[in-house]
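Note sheet for the following structure.
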Amino acid sequence: MNKYLLSLLTGFLAFSCQPKAENESTTEKLDWWKELVIYQIYPRSFNDTNGDGIGDLNGIYEKLDYLKDLGIDAIWMCPFNSSPNADNGYDVSDYRNIQPEFGTMEDFDKLLKGMHDRGIKLVMDVVVNHSSNEHEWFKQSRSSRDNPYRDYYHWWPAEKGKPNYRYSLFDPKGDAWKYDSTTNAYYLHYFSEQQPDLNWENPKVRQEVYDIMKFWAEKGVDGFRLDAFQFAAKDTTFPKLPDGYEKNFFEYYAVQDGLHDYLKEMNEQVFSKYPVMSVAEGAGRNFQDAHDLVDASRNELNMAYAFDGVDVAQYGGYELSKMKQVFSKWDSAFADQGWLSVFLSNHDQARMVSRWGDDSPEFRAPSTKMLNTFILSMRGTPYCYYGDEIGMTNIDFQTIDQYQDIAAKNSYQKAMMEGEYMELFMRKLNFSSRDNGRTPMQWNTFQNAGFSTGKPWLPVNENYKTINVEASQNDPNSILNHFKKMVKLRKENLVLIHGTYELFAKEHPQIYAYTRTLGQEKMLILLNFSKQVTSLKLDENLALEEVLVNNYENVDLANGTVSLKPYQGMVFRLK
């Protein structure tokens, strides 16, 4: 097959995808959540309708037709419950109410109805490893040692001496125990001191949480994402950890004894009674943990959300071989049982193209298209982060004062105290900070990229004049239109959802190649992860029939060898 023929076949994409049969509708399938394309929204940064510089629920409602046009099936919305915002909503002070900055319960009800009217589901963030220290439970808990809410949290009486060390992910000193003089005791916080950990050993706490989840499920929420829940179970005697434990943090903090019991109970009380999907942040310490969380026979969760893949891309670059190894390993481990999430970015990561691709003007578009091709052609439920459909990039902060993220600020203090080389620390922070992935959505070329008429809570990236939705919609070759094409291809071809995954050309240093196979249907995905032209000799068993998606105009094929341009990504149907 020559270049001309393959290029010609690209034009027949609309006729090449066979729609799913009526009886395969996701609404009729017990595992409907496997077929979703999920779009994650950070509400503070999506769209502001009242000019206070903070995104709101009405802002999301206003953009529902845009979201439907993307082709996505569900929205995972970061926390919108009442919160003092120590960690931008991941410190909840009222689980049954709406953060006033975001709107009212009436606004939420209108948004949910608008989503459902358009066939879009809502996955809600449930933050119950910890609460805010301004939650009424904690106010009561800290008031006296004999308060009925005392055991809703982990307390250690100071007269017993300071408890054995536990690490805090957000504390400037890395210490998870905070002394509170009110009752002469320490309380535990795996994250910031404003986020005290709930005591899941207490059955009253568990019932409170289940009742909260039922409240939202009865409102019509379609799914729950359990934030940081792999840390919920703890040995409440808090023994001293063995020497060297810090080299394997997760071994001593994640999926400890009791967690599976909590999830089985949650499943029995909530998940089994409502048509909702469930996913927990993190997948535990190993494959066995992950399987125990999600295998259907266990009656716990629907899907795993493992960090091994997203953690590959680091400051200084990454090896494609490592990426292949990690994603292939996880796929292999879940080939027969369980289900995975597939993602390259989220609210805890810097921008996808800046970490995984090349955000220079020359290569931003092809590398973002290539990365979206990857996410939407892998086995597992894809999670696509807002702004990645138009190729939004990292923002360039120069001083710590420009950051809003509590993790950035506290890690800066910790680095200062430990005498780190701060110039290097700031370069790394500028590359990896979570604030990169939280800058306002870039809608158009108007003031503040059309996000707000007021001063945005976080600065808009200065490149919004060229990177925005409006410009993307008017360009048939844009990242946005490529994203829509990939979503459509996935939804119309079950092979890209349920088909087996097989790595091809494992040792190639620049090309990630794999096949997806379901019955007689077979597709080949070729992705060039480099800025160089590179080639790949195709196996003689891979007979190309047509090219379905290509982020360049042409395919360079001669004598069984495909040459890929910088960051070229293609999906072929095989004979």
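Computed from heavy atoms alone, side chains included, the values below leave out hydrogens, waters and symmetry copies. These figures come from a predicted structure and were not determined experimentally.
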Quiz prompt | Greater than 12 external heavy atoms within 6.0 Å of Lys173's NZ | solution = no

Within the side chain of [X], is there an N or O that forms a donor-acceptor pair under 3.5 Å with the backbone of [Y]?
X: Ser131; Y: Val92; value: no
X: Asp227; Y: Asp125; value: no
X: Asn436; Y: Ile395; value: yes
X: Asn129; Y: Phe229; value: no

Self-check item: Option passing salt bridge (charged side-chain N to carboxylate O under 4.0 Å, His left out) with Asp388 (candidates Arg355, Lys369, Arg351, Arg364)
Solution: Arg351

Quiz item: With a 4.5 Å heavy-atom cut-off, do Met124 and Asn81 have their side chains touching?
Solution: yes

Quiz item: So, do Val279 and Leu301 sit near enough that their side-chain heavy atoms are less than 4.5 Å apart?
Solution: no

Can you name the one residue among [options] that meets ring-ring contact (aromatic ring centres under 6.0 Å, His included) with [X]?
X: His347; options: Tyr90, Tyr386, Tyr383; answer: Tyr90
X: Tyr253; options: Phe238, Tyr190, Tyr167, Phe231; answer: Tyr190
X: Trp330; options: Phe343, Trp339, Phe287; answer: Phe287

Quiz item: Relative to each other, are the rings of Tyr262 and Trp200 parallel, tilted or perpendicular (30° and 60° limits)?
Solution: tilted

Quiz item: Can Arg434 and Asp87 be said to form a salt bridge (charged side-chain N to carboxylate O under 4.0 Å, His left out), step by step?
Solution: CA-CA 11 Å; Arg434 304 193 300 180; Asp87 187 21; 3.1 Å; yes

Exercise. Apply side chain to side chain donor-acceptor pair (under 3.5 Å) to the pair Gln568 and Asn550, showing each step before the final yes or no.
Key: CA-CA 7 Å; Gln568 187 165 15; Asn550 181 8; 3.0 Å; yes

Distance alone, cut at 3.5 Å: any donor-acceptor contact between the side chains of [X] and [Y]?
X: Ser321; Y: Glu319; result: no
X: Tyr567; Y: Thr368; result: no
X: Gln337; Y: His291; result: no
X: Tyr421; Y: Glu423; result: yes
X: Asp359; Y: Ser354; result: yes
X: Ser192; Y: Asp91; result: no
X: Asn430; Y: Asp396; result: yes

Exercise. List the steps and the verdict of side chain to side chain donor-acceptor pair (under 3.5 Å) for Ser297 and Asp295.
Key: CA-CA 6 Å; Ser297 62; Asp295 285 355; 5.6 Å; no

Exercise. Identify which one of Tyr42, Tyr305, Tyr385 satisfies the side chain to side chain donor-acceptor pair (under 3.5 Å) criterion when paired with Asn346.
Key: Tyr305

Exercise. Report yes if the distance between the aromatic ring centroids of Phe327 and Tyr512 is under 6.0 Å, otherwise no.
Key: no

Practice problem: Please report the C-alpha distance between Glu35 and His498 in whole Å, then the side-chain angles of each, then the deciding distance to 0.1 Å, and finally whether the side chain to side chain donor-acceptor pair (under 3.5 Å) criterion is met. | Solution: CA-CA 8 Å; Glu35 300 186 1; His498 299 288; 3.0 Å; yes

Would you call [X] and [Y] a salt bridge, taking side-chain N to carboxylate O under 4.0 Å as the test?
X: Glu268; Y: Lys264; answer: no
X: Arg490; Y: Asp73; answer: no
X: Glu521; Y: Arg573; answer: yes

Practice problem: Start with the C-alpha gap between Gln510 and Ser530, add the side-chain angles, then the distance that decides, and say whether side chain to side chain donor-acceptor pair (under 3.5 Å) holds. | Solution: CA-CA 6 Å; Gln510 286 98 25; Ser530 76; 5.1 Å; no

Exercise. Give the C-alpha distance, both sets of side-chain angles, the deciding distance and a yes or no for side-chain contact (heavy atoms from CB on, under 4.5 Å) between Val487 and Leu376.
Key: CA-CA 7 Å; Val487 170; Leu376 291 162; 3.9 Å; yes

Practice problem: Check Leu371 against Val353 and note the closest heavy-atom contact, atom names and distance. | Solution: CD1-CA, 4.1 Å

